[in-house]
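Below you'll find the structure, written out as structure tokens, and then a few comments.
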2 protein chains.
Amino acid sequence: MVKPRNPIMVDEAINKVMRHKWEAETELVSLENCDLRRLAAPFIATHNIPFFHKSPYDGFAIRAEDTKYSTDEDPVVFEVIDYIGAGQLPRNELGEGQATRIMTGAKIPQGANCVVMLEDCYTYQKDGIHYMELAKKMEENQNIIKEGSELAKGTLLVDRGAIINPGIKALLATFGYHQVEVIKKPLIGVIATGTELLEPDEDLESGKIYNSNAYMILSQIKRAGGDPSYYGKLDDDVTSSYSRIKRVLQEVDILITTGGVSVGDFDLMPELYNMLGATTLFNKVAMRPGSVTTVAVKGKKLLFGLSGNPSACYVGFELFVRPMIRGIMHQKNVCMKRVKAKLDDDFPKMNPYTRYVRGQLSYQGRELYVQLAGIDHSNVVSSLAYTTCLIEIPGGKEKYEKGDELEVLLLEDMEGQANFR
Amino acid sequence: MVKPRNPIMVDEAINKVMRHKWEAETELVSLENCDLRRLAAPFIATHNIPFFHKSPYDGFAIRAEDTKYSTDEDPVVFEVIDYIGAGQLPRNELGEGQATRIMTGAKIPQGANCVVMLEDCYTYQKDGIHYMELAKKMEENQNIIKEGSELAKGTLLVDRGAIINPGIKALLATFGYHQVEVIKKPLIGVIATGTELLEPDEDLESGKIYNSNAYMILSQIKRAGGDPSYYGKLDDDVTSSYSRIKRVLQEVDILITTGGVSVGDFDLMPELYNMLGATTLFNKVAMRPGSVTTVAVKGKKLLFGLSGNPSACYVGFELFVRPMIRGIMHQKNVCMKRVKAKLDDDFPKMNPYTRYVRGQLSYQGRELYVQLAGIDHSNVVSSLAYTTCLIEIPGGKEKYEKGDELEVLLLEDMEGQANFR
């Protein structure tokens, strides 16, 4: 018996999924291996930057008050008492009439309150003593980078959930983190269904097709930040499929299946959800492709039943699984970034439902344009290669023309946004 | 003796570097681990898609000519001789007055030339034989997806050097590649210089700063697609530094150093390049920050001497090292993608040189905007965290204001472009 399905809107479907969000635990990784991981805690400056008053120039540290009467005609002479390279510490406190040779970035010695640039100084040696002559006046604090002037201890640098990029990694190093607390990647299992499917290491035979969806999803999981694991293919037998799914569900945080959700003779997943005692959140979404996307929940674990059709599978993942993975990983911006773009092709298709069409974003001047990424037959996989966004084509209108403005969802962007709209 | 340095333009500097491009070897990786790797060869469809004539619907495969006289009043009756599930092969050739029950995606049996949708058929059983009644006419080839109609064997799918995304991975699976020939990542060594540097696992002490540049570069190398390796810090001793660098250079394809390139007492790299017999391509670039960026070549190996200043180091990497890494990895679009954006902040700084300022890209409607990513003091590392692009601020003009249009270089984009401008 096939039960009628009531389609729900995409927004509502995302909300239903996100209500089951939980937050992943954290783990320590080495600084070297933290790239693209998510920060587990707000990143706060643990010391002042700079950590000490420092010199922006090669030159001499002196007391400004000693230059009060210095003029071109009557330069003031300092005795050079110390030499501080970068990373070296001043050995001597500086007194009246004394100067310390100082390198860029080095710590200002006690007693000094300004730095004279090397090119303003005339140096000489007499009786084994080094002298520096200065023919100008200086002010207190001149050419001194004050402790904490770049960054005060306690400043919030980056929020929790931020994806570690080269800049954040540099900051982590700056504050001496050789280990970084990051969010554990949720473990996401993928299972394919369909007797027609061959694995890529099998020989092609007539009547069969290679399983491409599972590998595509594994890659989409990585892009979204999760840790994918492929569990192979279910056979048609409900009993063995049930025990297989039940076992896999113990090992993973989220289980994605592809295929077996349409209304048809061999459609497996609805029955398996029942047997598992999982609650179906929805089994039809008012969109194309991917209308048969089904999501169920069993305890804390989500089961995403994506379509067996490559495009529908791709879209279903990005709309519903991506936000969940990002949410679990403490990110605020769980949804894809939505921008406007001018359509660079005609889209003459009759379109009663909202469609998510594979697009390729481009820039002309400072404006965004979007092209259809190849033929958008839902069963053609080749255009997915060039897809960098999904074009949202609202239902109801007959057709869209080149030059029309539409909203698109960015797939390669890492920033995202908090809500779907 | 400090030799005078002649600054060259950024474009010229990139060209000088790229003249030493070579192409990396290839290697086989498993389909599961090919994400974000670069394809080593043009990816060509090795068979037709679909691989056989197939049905787009659940229904019955029949001969169109048998429906010639079929009407509402006088439907034609077929004997159902076979049942083909997806992935199953037709067992029987179909003759006059015969029908084969067929599932979506299944192979059209010999003899059939159209498919009737299930909902158009009335089925019944009599004396153990299955019958199907049809009250409409069909045409030859109706509802048949022809072999090769989605993708013909021999079609170029994706070019050499393309970065494997979920769509390309799906395509690889579609053509049964369980192993993928990808381009070997160039091995890139990083060495820091500077006695003031502490490693992140050391305790902070006055006068010293943590080494952040090396870790930042390691992350930038990963983002550009290379394989980074950190070789620690050089000490001030020229002889030991020389033998260290010489040894590292045998292990890596490219060597990046940070620091030691300015004109100053402890500036090490120019001397080491001399000792190595490396040819300096340039040692000053007409830009800020990063004007002291130095690039030398020794045989096939490039030595990038980046500034010790975090911003200068960051910019120097993206402008000069990134294109080299991408070029070695057979990519045509070696440079960062350049787009136009409206400045969302004032930039009142006096600006005699072309500057590359850290920016954060944003979208308003379908237009691109760019904000300054924090304070742009060249020694402030914190704004790097939010940097998603470099704003190119041409030299010569006094200041730029909010609303001015400028060109920006995208850092997170993977597409890139062939030339710098």
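Just so we're on the same page: letters track the sequence lines, and every chain starts at 1.
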[X] side chain to [Y] backbone, donor-acceptor under 3.5 Å:
{"X": "Lys233(B)", "Y": "Leu197(B)", "answer": "yes"}
{"X": "Lys169(A)", "Y": "Glu32(A)", "answer": "yes"}
{"X": "Ser55(A)", "Y": "Tyr57(A)", "answer": "yes"}
{"X": "Thr104(B)", "Y": "Asp58(B)", "answer": "yes"}

Does any backbone or side-chain atom of Glu412(A) lie under 4.5 Å from a heavy atom of chain B? Answer side chain, backbone, both or neither.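 For Glu412(A), the contact with chain B is made by the side chain alone.
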
Tyr230(B): partners by ring pair (Phe, Tyr, Trp, His ring centres under 6.0 Å), with sequence neighbours left out: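 Partners of Tyr230(B) under the ring pair (Phe, Tyr, Trp, His ring centres under 6.0 Å) test: Tyr215(B).
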
Closest contact, heavy atoms only, Asp159(B) versus Leu39(B): O-CD1, 4.1 Å

Mind listing the closest non-hydrogen atom pair of Leu31(B) and Ala173(B) along with its distance?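 Where Leu31(B) meets Ala173(B) most closely, the heavy atoms are CD2-CB, 3.9 Å.
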
Can you say whether [X] sits under 4.5 Å from chain A via the side chain, the backbone, both, or neither, judging by heavy atoms?
{"X": "Ile163(B)", "value": "neither"}
{"X": "His47(B)", "value": "side chain"}
{"X": "Lys342(B)", "value": "both"}
{"X": "Lys208(B)", "value": "both"}
{"X": "Gln220(B)", "value": "both"}
{"X": "Glu405(B)", "value": "side chain"}
{"X": "Asp201(B)", "value": "both"}
{"X": "Ala341(B)", "value": "backbone"}

Do Lys337(A) and Asp413(A) meet the salt-bridge criterion of a basic N to acidic O distance under 4.0 Å?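 No, no charged N to carboxylate O under 4.0 Å.
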
Which one, [options], leads in non-hydrogen pairs under 4.5 Å with chain B?
{"options": "Leu218(A), Val408(A), Ile168(A), Leu204(A)", "answer": "Leu204(A)"}
{"options": "Tyr386(A), Phe43(A), Phe51(A)", "answer": "Phe51(A)"}
{"options": "Arg223(A), Gln179(A), Glu199(A), Gln364(A)", "answer": "Arg223(A)"}
{"options": "Arg338(A), Arg366(A), His53(A), His178(A)", "answer": "Arg366(A)"}

For Asp404(A), check salt bridge (Lys or Arg N to Asp or Glu O under 4.0 Å) against everything at least two apart and list the hits.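 Applying salt bridge (Lys or Arg N to Asp or Glu O under 4.0 Å) to Asp404(A) gives Lys397(A).
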
